[in-house]
Protein chains: 2
Amino acid sequence: MVPKAARAASLRHTDPGEVRLQEALDAVADPVRRSILRTLAGEPDFSRACGTFDLPVSKATASHHFTVLRAAGLLEQVDQGPRRLNRLRRAEFDARFPGLLALVLGESEGERDQAG
Amino acid sequence: MVPKAARAASLRHTDPGEVRLQEALDAVADPVRRSILRTLAGEPDFSRACGTFDLPVSKATASHHFTVLRAAGLLEQVDQGPRRLNRLRRAEFDARFPGLLALVLGESEGERDQAG
DNA sequence: AAAAGTGTACGATGGCAATCGAACAGCTCA
DNA sequence: TGAGCTGTTCGATTGCCATCGTACACTTTT
């Protein structure tokens, strides 16, 4: 039998070292994506599947955000059965863009409210 | 005669300490604005008027970008005759968002090319 | 096989920000 | 006062991105 095209085929990771500042800033400029990063930062690596995040958007939109974050070198994903587990690429990303991730993770709740 | 409403009336500066991360990232995520910041970083304070920047946009659009940067606490402007001189608020902004400005200023030409 | 659960792909839509030209407002100098 | 310069404001346009629902793909379990 022919090996299955494994769902993981769509899992292309970007080396943080090859990410341009433009892409990194675009990724991090979205509040939903920053929320994902913060949640991830508070949990052990690969302990959170995409569907376990409490996000104010649809499943399709959430999936899109995870794709953007992965493409920006901000997270690594591995498939585990039907789930896709996530890891924040702290060290690698910080090496490429020192301080940027720290700003996102340090963002307090008070600084977030008022949209706009 | 009634004192003129002085052109400077439109010059509202934002204290970098009160800028939210969302606003800072939005400001810095635009390539034209980053170009302004980099140019400014290479010149003495208040030595550059808005019109002296080599930007790929119209006068009206450039004016808009300066307004956004000022509102984000990234620059200080003073009127000198018909000109508006600019100063990069390095220390203040860096105190509020450590490392962010450094990333922008450190962005090399090669990293900028390829749009997208 | 079928059902239930997780996530992606696709096509369409809406809103917002960047952009522009033209008009306006100050300043300086003749 | 008028001309020339600098920069802002205004209204309109455009392009892009976040968003959505639906359909599909894969996995696990029954």
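In what follows, chains carry the letters A, B, and so on, assigned in the order in which the sequence lines appear, proteins first and then strands, with residues in each chain numbered from 1.
Per the geometry, CG belonging to A:Leu11 stands 14 Å off C1' belonging to C:dA9, to the nearest Å. Protein atom CG of A:Leu55 is 14 Å distant from nucleotide atom P of D:dA18, rounded to whole Å. Between the CG atom of A:Asp79 and the P atom of D:dA25 there is a distance of 17 Å, rounded to whole Å. A straight line from CG of B:Asn86 to P of D:dG7 spans 8 Å, rounded to a whole angstrom. Residue B:Arg70 contributes atom CZ, which lies 11 Å from atom C1' of D:dG7 at whole-angstrom precision. Following rounding to the nearest Å, A:Gln22 (CD) and D:dC17 (P) show an atom-to-atom distance of 10 Å. Atom CG in A:Leu25 sits roughly 14 Å away from atom P in D:dC17 (whole-Å rounding). We find that CD of B:Gln77 is positioned 6 Å from P of D:dT8, with the value rounded to whole Å.
The residue among A:Arg33 and A:Lys59 whose nearest nucleotide of DNA chain D lies closer to the 5′ end is A:Arg33.
The side chain of A:Ala60 lies closest to C:dC10 when the candidates are D:dT8, C:dC10, D:dT19. Proximity note for A:His65 (side chain, C-beta onward) versus C:dA18, D:dG7, D:dA18: the nearest is D:dA18. If you check C:dG21, D:dG7, D:dT22 against the side chain of B:Cys50, the one that comes closest is D:dG7.
At the heavy-atom level, A:Ala49 lies under 4.0 Å from the strands shown only through sugar-phosphate atoms. Among the heavy atoms of the strands lying under 4.0 Å from A:His64 is at least one base atom, whether or not backbone atoms are also near. Residue-level contact check: B:Asp26 touches neither bases nor backbone, having no heavy atom under 4.0 Å from any strand.
Under 4.0 Å is where a charged nitrogen must lie from a carboxylate oxygen, and between B:Arg96 and A:Glu111 at least one such pair does. Ion pairing between a basic and an acidic side chain is recognised when a charged N comes within 4.0 Å of a carboxylate O; A:Arg87 and A:Glu76 show such pairing.
Taken together through direct or relayed side-chain contacts under 4.5 Å among Ile, Leu, Val, Met, Phe, Trp and Tyr, A:Leu69 and A:Val57 form part of one hydrophobic cluster.
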Pair A:Gln77-A:Leu11, side-chain contact (heavy atoms from CB on, under 4.5 Å): steps then yes or no = CA-CA 8 Å; A:Gln77 300 181 306; A:Leu11 257 188; 3.5 Å; yes
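The phosphate of D:dC5 has neither OP1 nor OP2 within less than 4.0 Å of any side-chain N or O from B:Arg83. One finds a side-chain N or O of B:Thr61 lying less than 4.0 angstrom from the OP1 or OP2 phosphate oxygen of C:dC20.
B:Asp94 contributes a side-chain N or O that, together with a main-chain N or O of B:Gly99, makes up a donor-acceptor pair within less than 3.5 Å.
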